[in-house]
Structure formats: C-alpha cells, structure tokens
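Written below as structure tokens is the structure these notes are about.
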Amino acid sequence: MKSKLKFFNTLGRNLDEFQPVSDGEARMYTCGPTVYNYAHIGNFRAYVFEDLLRRTLKYFGYKVTQVMNLTDVDDKTIRDSRKKSMSLNDFTAIYKKAFFDDLKALKIDPAEYYPAATDHIPEMIELVKVLLEKGFAYQAEDRSIYFSIAKFPEYGKLARIDMENQRAGVRIKTDEYAKDSVADFALWKAWDENDGDVWWDSPWGKGRPGWHIECSAMSMKYLGKTFDIHTGGIDNMFPHHEDEIAQSESANGCRYVNYWLHCDHLIVNGEKMSKSAGNFFTLRDLLEKGFNGNEVRWVLLGAHYRKKLNFTFDACDQAKMQLRRFGEFFLRLKEIKEGDCVCSTVPDLLAKAEQEFADAMADDLNVSEAFAVMFQLQRDINKMMDNDELNQAGAAAVLEVFRKFDAVLAIFDVDAAKEEAVPEEVLTLAARRQDARKNKDFATADTIRNQLKILGWVVEDSSEGFRCKKI
RNA sequence: GGCGUGGUGGCCGAGUGGUCAGGCUGAGGUCUGCAAAACCUCCUACACCGGUUCAAUUCCGGUCCGCGCCUCCA
C-alpha cells in the first residue's frame with residue numbers, strides 16, 4: 001500500500017497532500033530555460049528536481065502531462081543575437097539543441113510539450129487583450145502595456161511580499177515614470193531601437209511580450225485555466241510566479257495553480273556560482289572532466305530539493321565510487337547460478353524496502369531516506385550472497401526492485417551493468433596467472449598481476465575462478 | 001530596511017521530545033597465498049545563551065553567523 005503523496009506547497013507554506021484536479025492525472029508546468037547560453041549545473045539541479053517529481057508522480061500511478069517553456073525572446077536573447085549578428089531564431093536554435101542534448105545526458109524524461117515563446121505570440125496578445133478589457137492592465141506613455149497590481153489585492157500571496165515595505169530606490173529605472181506604480185510589470189513591451197528586427201504586430205503597435213505573460217498564456221493553452229503543479233527555482237518565486245498568478249487569476253477569475261514547488265539553489269564550494277569566481281560549470285564542463293550523466297545526476301539529487309546543495313568535486317568522486325559499487329552489486333546478482341539455497345526472507349525484505357522507499361518519496365521527495373533504504377537493502381543482500389543464501393530467482397527479484405527504484409531516480413542503468421569486454425590478451429594472461437596460482441607459483445602470479453595492471457586491468461580471485469575488471 | 005530560509009560528528013547529508021539515519025573518509029577485524037570485493041566493529045554530532053519539560057539536537061524566546069528574494073538569475 002503506497003502512502004499518499006505530500007508536497008510542501010509554497011502557497012500556504014504547508015505540507016499538503018496531493019489531490020489533482022482530475023483523478024489520476026497530474027498536470028504540471030515547469031519554467032524552462034532562456035536559450036541564450038548553455039545551461040549551467042545550477043539550472044540542471046532544478047530540471048533534475050522536476051524530473052524526479054515527474055517520475056515520482058508516475059511511480060505513484062499518475063498520468064503526467066508536463067509543459068516546459070522555452071524562453072526564446074527576451075532582453076538577453078535579443079542582446080546576444082544582435083551581438084553576434086544572427087537572427088533571433090538562428091541564435092536561439094543553437095542553445096535549444098544544446099539544452100535537449102544536456103537533458104538527455106542527465107536522463108531527464110522529455111516533457112509532453114516544449115512550447116517556445118515565439119510560437120505563441122497570438123495567445124499572449126489574446127491574454128493581454130482580456131486583461132485590458134477587464135481593466136487589470138493599462139497602456140502607459142511608453143506605449144507598453146502594464147499590469148496594475150493595485151487591481152489585484154492578493155498580490156504577494158505566494159512570495160508573502162508586501163509591496164509597501166519594499167526597499168525604495170532599488171527599482172528605479174529610466175522608464176519608470178511611465179508606470180502608474182513602480183511594481184507594475186510589463187505584459188507587452190513596445191518596440192524600441194535595441195530590439196532591432198525583433199517585433200510582432202499587436203493592437204498596441206509593434207513590440208514583444210513580457211516574460212511573465214509567456215508562462216501564463218502557454219500553461220493555459222496546454223494545461224487549462226487551473227492546473228495542479230507549477231515548479232521553478234526559488235528565485236522565480238518573486239516576481240515571476242507572483243506575476244503569473246496575478247495575470248492568470250485576473251484574466252480567468254479562477255485559481256491558477258494548486259501546488260507551487262520551488263527548488264533551492266546550488267552553490268559551489270559554499271559560494272554562489274559565478275563566472276568571475278571561476279566556479280561556474282556547465283554540464284559539458286563536467287563531462288569533459290570525466291564524469292558521466294549518472295554521476296552528475298547523483299550529485300544533483302544529493303540533497304533535498306528545498307535545501308541548498310553544495311556542489312563539490314569531492315561529491316562527484318563519491319558519486320562515481322558509489323555508482324561503481326552498485327554496478328558491481330548488480331553484476332554480482334546477475335552472476336548467481338541456480339541453487340537450492342534458502343531465500344525465504346527475500347520477499348519480505350524486498351516488500352519492506354519498497355514500502356520504505358515509497359514512503360520516503362511520498363514525503364515531499366525525501367531522496368536521502370530513499371537512498372538510505374537502497375543502501376540498507378544492498379548491504380542485506382550482499383550479506384546473503386556472502387553466505388550463499390540467494391538463488392537465481394531471488395537475485396532476479398532483487399534486480400527487479402532496483403529497476404523500480406531506478407524508474408524514479410534514474411541513476412543506475414541496472415541492465416547496462418555488465419562486464420566489459422575483456423581483450424583476448426588480458427584473458428590469456430589472467431588464465432596463465434590462474435594456473436600459476438593453482439601450482440602455488442605465487443611469484444609468477446604476482447608478476448602477471450602487475451602486467452595486467454600496466455594494461456589497465458585488475459584481476460579478482462573468487463571461489464568460482466577469477467574476474468577481470470578495467471581500472 | 002522588509003520578507004524568507006538555514007546553522008547536525010573529518011566531510012556530505014536525513015530526522016526526531018526519551019535505543020538507529022545513511023553515505024564517504026579514517027582505524028581495527030573476518031575472508032584471502034597476497035590482493036580486490038563483500039561483510040563486521042569503532043570514531044557517538046546536533047551554533048551560542050536562557051526557558052518549558054521527568055526528559056530537548058528536536059518546542060518557546062533571545063544572541064551570533066550564513067544564504068536568498070525585494071533588480072525579467074533555476
């Protein structure tokens with residue numbers, strides 16, 4: 001019996017039981033990347049968290065519909081594409097492709113929809129129209145359209161921010177005079193010369209959409225006016241998500257999102273990641289340093305999503321080591337021959353582990369507990385194998401359970417765990433060493449061991465014979 | 001200034017009003033010709049000061065320190 005899924009809801013700051021709008025379905029929206037550069041590992045922490053959420057929902061039997069937007073028009077994309085004298089589309093296409101390559105490397109399951117902002121301008125214009133008609137928005141002197149937060153009394157309910165008490169002076173901008181209130185945000189930005197050839201026609205003249213309206217328009221189109229889960233980085237909570245709520249609820253007159261989940265930041269060696277500090281890493285950087293997707297993913301799952309994650313290369317090394325141990329463990333399970341040993345305790349052991357794993361994940365995605373369950377099971381099963389207490393059927397059942405765990409965590413590749421092809425030369429040497437051992441000629445055996453080491457292989461002896469492993 | 005969040009053993013990182021996290025590292029041991037792998041044991045922490053309580057790392061108050069947001073940064 002799986003326990004009930006509970007999530008910490010930023011809206012209300014409570015651990016809430018998950019009750020979807022439609023039984024058995026989970027509809028979620030995820031703030032995706034702004035495609036003006038390669039995403040960094042901090043970004044990927046959020047995407048891995050969202051993937052974990054998605055996989056957990058599926059593990060608990062929900063049909064998931066996920067939307068992740070691609071912001072391919074904003075100040076930064078326009079600025080950098082012009083810098084490179086490329087069209088906006090050609091420029092963003094590079095980073096869209098890179099983004100999807102990276103997702104794949106981290107085994108992040110594809111969302112059902114990846115709408116690009118530039119493909120949904122009409123929907124955004126439509127939404128702005130509604131807001132104007134209903135009196136929530138206005139056109140300012142600069143011809144841009146702004147949302148008037150004064151018209152939405154609940155403004156601040158997500159981030160718990162009272163605009164009255166905010167620090168004055170920091171938001172001063174040159175165009176501020178145009179707005180009724182400094183906190184009003186742009187729904188539609190009128191064209192200016194910095195935009196170059198990037199503009200769309202609208203009832204208010206040429207221009208481009210504001211950032212916030214993008215998410216409202218696209219989520220509405222694919223998920224409906226009220227949907228279940230909205231995720232994002234903690235820094236998107238304000239103002240981005242607060243603004244989404246204001247626009248969407250004003251336009252539709254109904255609740256926008258039921259559960260808001262926010263992921264905290266990744267820091268590097270205790271400091272915020274920044275290019276100037278030299279601690280800024282993209283996924284590509286880590287792959288070049290010899291870490292694979294599973295290892296990076298393991299590191300990114302290393303702390304609860306609502307806590308800061310301290311990224312270190314020490315953690316990467318640890319992940320590598322632990323994954324190697326699990327790999328060996330799976331291999332050992334697969335090598336078990338049919339036997340008549342007693343495995344009567346295995347089903348109970350596995351059922352208990354599955355239950356505890358599910359309980360951990362149901363509790364607001366407590367991965368640390370889930371990992372502890374897996375380590376415990378690994379140890380128990382290793383012990384049984386040490387004592388020849390596990391037969392082939394039992395081993396298969398254990399592997400099956402780890403496959404289920406991996407459907408949620410996606411770090412193992414249970415079935416990819418197999419022996420590397422051993423070159424003939426290595427095999428021959430190892431066999432000769434085995435003969436030497438049988439003849440108690442340990443000097444020769446050790447010499448061959450050294451030869452193998454030079455070739456990059458280690459040989460392990462067991463009661464069954466020997467096994468060659470790549471160093 | 002406002003709001004929020006956190007300080008756990010050498011390191012990473014869960015959790016709880018009263019026997020357990022877990023992982024890594026280190027030490028010792030079993031096994032092994034030697035090794036490796038695996039297993040066992042040990043290293044018993046909860047920022048500081050008060051308070052509540054039979055009992056606080058866990059609840060309350062205060063102090064110190066870190067971090068985030070209030071600037072279209074996940």
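FYI, side chains are in, hydrogens and waters are out, and symmetry mates aren't considered; it's all heavy atoms of this structure. Bear in mind that the values here come from a model prediction, so they are computed numbers and not experimental data. First the proteins, then the strands, lettered A, B, ... as listed; each starts at 1.
For A/Arg433 and B/G33, a side-chain-to-base donor-acceptor distance below 3.5 Å is present, hydrogens and geometry of angles not being considered. Checked by distance alone, A/Arg379 brings no side-chain donor or acceptor within 3.5 Å of a matching partner on the base of B/C39. Between the base of B/A37 and the side chain of A/Arg332 there is no donor-acceptor pair shorter than 3.5 Å.
A salt bridge links A/Asp413 with A/Lys107: the distance from a Lys NZ or Arg NE/NH1/NH2 to an Asp or Glu carboxylate oxygen falls below 4.0 Å. A salt bridge is defined here as a Lys NZ or Arg NE, NH1 or NH2 lying under 4.0 Å from an Asp or Glu carboxylate O, and A/Asp74 with A/Arg208 fails to meet this definition. Here A/Lys289 does not pair with A/Glu295 in a salt bridge; the nearest charged N to carboxylate O distance is not below 4.0 Å. A salt bridge does not link A/Asp446 to A/Arg433: none of the charged nitrogens lies less than 4.0 Å from a carboxylate oxygen. The pair A/Asp386-A/Arg379 does not meet the salt-bridge criterion, since no charged nitrogen lies less than 4.0 angstrom from a carboxylate oxygen.
For A/Asp386, taking side-chain heavy atoms from C-beta onward, the closest of the listed nucleotides B/C39, B/A14, B/G4 is B/C39. Counting only heavy atoms from C-beta on, A/Lys307 has its side chain closest to B/G6 among B/A35, B/G6, B/C11. For A/Ala303, counting side-chain heavy atoms from C-beta on, the closest listed nucleotide (B/C69, B/A37, B/A14) is B/A14. When each of B/G33, B/A36, B/G4 is scored by its nearest atom to the side-chain atoms of A/Glu460, the top-ranked nucleotide is B/A36.
Nucleic acid contact class of A/His240 (heavy atoms, under 4.0 Å, all strands): none. Looking at heavy-atom distances under 4.0 Å, A/Leu266 makes contact with a base. In this structure, A/Val459 reaches the bases: a heavy-atom distance under 4.0 Å links it to at least one base atom across the strands shown. Residue contacts for A/Arg437: at a heavy-atom cut-off of 4.0 Å it reaches a base atom on one of the strands shown. Residue A/Ala315 is out of contact with every strand shown, counting any heavy-atom pair closer than 4.0 Å. Note on A/Phe375: only backbone sugar-phosphate atoms sit closer than 4.0 angstrom, heavy atoms only; bases stay farther off. No engagement by A/Gly210 is indicated, since no non-hydrogen atom pair under 4.0 Å with the nucleic acid exists. Contacts of A/Asn310 with the nucleic acid, taken as non-hydrogen atoms under 4.0 Å apart, involve only primed sugar atoms and P, OP1 or OP2. Among the atoms of the strands shown, only primed sugar atoms or phosphate atoms (P, OP1, OP2) are found under 4.0 Å from some heavy atom of A/Gly232. Nucleic acid contact class of A/His40 (heavy atoms, under 4.0 Å, all strands): base. Residue-level contact check: A/Lys76 touches the backbone only, with heavy atoms under 4.0 Å from sugar-phosphate atoms and none from bases.
Side-chain polar atoms of A/Ser144 and A/Gln139 form no donor-acceptor pair below 3.5 angstrom.
For the pair A/Met374 CE and B/A14 P, the interatomic distance rounds to 15 Å; values are reported in whole Å. If you take CD1 of A/Ile267 and P of B/C73, they are 20 Å apart, rounded to a whole angstrom. B/A14 atom C1' lies 17 Å from atom NZ of A/Lys308, rounded to whole Å.
In terms of phosphate contacts, A/Asn366 brings a side-chain nitrogen or oxygen within less than 4.0 Å of OP1 or OP2 of B/G15. For A/Arg325, a side-chain nitrogen or oxygen approaches OP1 or OP2 of B/A38 to under 4.0 Å. Within the structure, a side-chain polar atom (N or O) of A/Lys383 is placed less than 4.0 Å from OP1 or OP2 of B/C40. Put simply, A/Asn382 has a side-chain N or O that comes within less than 4.0 Å of OP1 or OP2 on B/C39.
B/U16 makes up no base pair with any nucleotide shown, lacking Watson-Crick or G-U wobble contacts both under 3.5 Å. The pairing partner recorded for B/G1 is B/C70, the criterion being a Watson-Crick or G-U wobble arrangement whose two distances lie under 3.5 angstrom. Using N1 to N3 plus N6-O4 or O6-N4 for Watson-Crick, or N1-O2 and O6-N3 for G-U wobble, each under 3.5 Å, B/A47 pairs with B/U63. The pairing partner recorded for B/A38 is B/U30, the criterion being a Watson-Crick or G-U wobble arrangement whose two distances lie under 3.5 angstrom.
On the C1' atoms, B/C46 is 22 Å away from B/C54, given to the nearest whole Å. Rounded to a whole angstrom, the distance from the P atom of B/C31 to that of B/C40 is 16 Å. For the C1' atoms, the distance from B/C42 to B/G10 is 15 Å, rounded to whole Å.
Outside the 6.0 Å centre-distance limit, the rings of A/His212 and A/His241 are not counted as a close aromatic pair. No close placement of the A/Phe91 and A/Tyr36 rings is indicated, their centers lying 6.0 Å or farther apart.
The nearest heavy atom of RNA chain B to A/Tyr305 and to A/Gln376 marks one nucleotide each, and the one closer to the 5' end goes with A/Tyr305. Both A/Asp363 and A/Arg45 lie near RNA chain B, and the one whose nearest nucleotide falls closer to the 5' end is A/Asp363.
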